[in-house]
2 protein chains.
Amino acid sequence: MVRAARDPEERIRERNMRLIIKAGIEIFARKGFDGTRIAEIAEASGLPKANVYYYFSSKEEIYTAIIAHLLASWDDALKYIAPEREPAEAFKLYIKAKLEYTRKNMAESRLFASEIIQGARFLSRKDREHIRQVTDAHVAVVEGWIAAGKMLPVDPRHLFIMLWASTQFYSDFEPVAVDALKKPRLKADDYEKAATTITETILRGILRQP
Amino acid sequence: MVRAARDPEERIRERNMRLIIKAGIEIFARKGFDGTRIAEIAEASGLPKANVYYYFSSKEEIYTAIIAHLLASWDDALKYIAPEREPAEAFKLYIKAKLEYTRKNMAESRLFASEIIQGARFLSRKDREHIRQVTDAHVAVVEGWIAAGKMLPVDPRHLFIMLWASTQFYSDFEPVAVDALKKPRLKADDYEKAATTITETILRGILRQP
DNA sequence: TTGAAAGTTGACACTTTGGTCAGCTTTTGT
DNA sequence: ACAAAAGCTGACCAAAGTGTCAACTTTCAA
């Protein structure tokens, strides 16, 4: 027999890999690549260490699988910066979507931040090229709006950095946000208040005054 | 003899501790607490590992010494949010100072970010209380400006988060900033461009229109 | 000059870690 | 029913890690 005797939905393999990835996201996010112990991932996923190694042949393989999984899930969230939209509407939706994503996927968000702070060692050339292209597309749209007189001439690249930074902050640096906002922990309505403050401030900052 | 036979400026001790701290900042910033190996700090500081342990009795002791050293050096930088100033001037100087500090102290900046992402495990209650008080003072000043009609009623806490996030980003997430700005690396004038974009956008966002 | 404190360090002890493996059990197409 | 593929895992290893220590050298106040 040539083909494997597998496949009714790949149940076991799929499930276990998902458990490992899920546990890995949490732990890599908190400890970074070098700080993470595979035994800890094994324990958190409820599998023996040797079983983890049955699915992944090294720590790096788990890590890069997670990074890939993570980048893939990002593109969906952020398709609001489109030329046919009005800037006010587009930025409002963009800010809201980013804050929502970052709130619901804190660990992923932190893992990415951690990877970058640690020097982006495991972001492939392809990954970085992809990020650059998405940025370029967004920048082009904003430049179009500026040319059309719908926006003040704000440098689009620095503008996007402001947006990314402001939205990521609440999840990546939650302990600081908690102290700054004097809340015991951040809840949905703190993110909503963040969305309105950021949106209102940025929109006044980039739109022509009526 | 009761007192030690030491002290003409504490030369050796001071110098070696400084070397260890300096090396530690770089490495802890890149690897996080758990990911950092003392042997690496020893090598980077040019001292044998056993000599590092002569000055610090554990990894944690080095790390907390660095955190303390770092928080102390922060208060200086940011005294521009003061009631007697006009908001426009104050925020402009604040943004400039923060970007300058973060550019000239990248490793410290990253180390702090790393510590927060990893859950602020080694920030003492006192450290966090201190951060909270500095924030409260700044918030009070902004509330004063709002009450005096010098500013639009923007939530001050979320406003400061926007400022921190936007300024920190360039150093903490430099690889992403580099890709977004399409530069091979960030130089002084990229930080200046950042300062003007952030300042202009934020000021339009928070000031009454003329 | 001298001796006590400070500083230095190679070698060591002990623990944790990433990763392997041989042999076991379970699943599944036929 | 059954064999082959898939899945599982306790036990193990070499390497790397933290922290210790005894013996050595350097420094410096008296």
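Computation of the quantities below employed the complete heavy-atom set of this structure, encompassing side-chain atoms and omitting hydrogens, waters and symmetry-equivalent molecules. Worth saying up front: this structure is predicted, and the values here are computed from it rather than measured. Numbers restart at 1 for each chain; the letters A, B, ... are given by sequence-line order, proteins then strands.
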- Query: Can you say whether the rings of B:Y170 and B:Y191 are parallel (under 30°), tilted (30 to 60°) or perpendicular (over 60°)?
  - Reply: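 Tilted, since the angle between the ring planes falls between 30° and 60°.
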- Task: Determine the minimum heavy-atom distance between B:P184 and B:V178, stating which atoms define it.
- Result: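 The answer is O-CG1, 3.9 Å.
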- Message: Minimum heavy-atom separation for B:M151 and B:F91, please, with both atom names.
- Response: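 Shortest heavy-atom separation between B:M151 and B:F91 comes out as SD-CE1, 3.9 Å.
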- Send over the distance from B:K59 NZ to D:dG19 P, rounded to a whole Å.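 Rounded to whole Å, this separation is 8 Å.
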- Task: Kindly point out which of D:dC8, C:dG19, C:dG7 is positioned nearest to the side chain of B:I12?
- Result: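 Looking only at side-chain atoms, B:I12 lies closest to C:dG7.
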- Query: Counting distance only, does the side-chain N/O of A:K59 pair as donor-acceptor with the main-chain N or O of A:F33 below 3.5 Å?
  - Reply: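 Flag set: sc A:K59 to bb A:F33 pair under 3.5 Å.
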- Message: Using a heavy-atom cut-off of 4.0 Å across all strands, would you classify A:F56 as base, sugar-phosphate, or nothing?
- Response: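 The answer is nothing, as A:F56 stays clear of every strand by at least 4.0 Å.
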- Message: Against A:E174, only a single residue in A:R185, A:R110, A:K187 fulfils salt bridge (Lys or Arg N to Asp or Glu O under 4.0 Å); can you say which?
- Response: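 With A:E174 as partner, salt bridge (Lys or Arg N to Asp or Glu O under 4.0 Å) holds for just one option, A:R110.
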May I ask you to evaluate whether [X] reaches the phosphate of [N], defined as a side-chain N or O under 4.0 Å from OP1 or OP2?
X: B:R11; N: D:dT27; answer: no
X: A:R13; N: D:dG7; answer: yes
X: B:N16; N: C:dA6; answer: no

- In residues 24-54 of chain A, what residues come within less than 4.0 Å of DNA chain D, judged by heavy atoms?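 Output list: A:P48, A:A50, A:N51, A:Y54.
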- Item | NZ/NE/NH1/NH2 to OD/OE distance under 4.0 Å, A:R103 and A:E100 |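 Between A:E100 and A:R103 there is no salt bridge, as every charged N stays at least 4.0 Å from the carboxylate O atoms.
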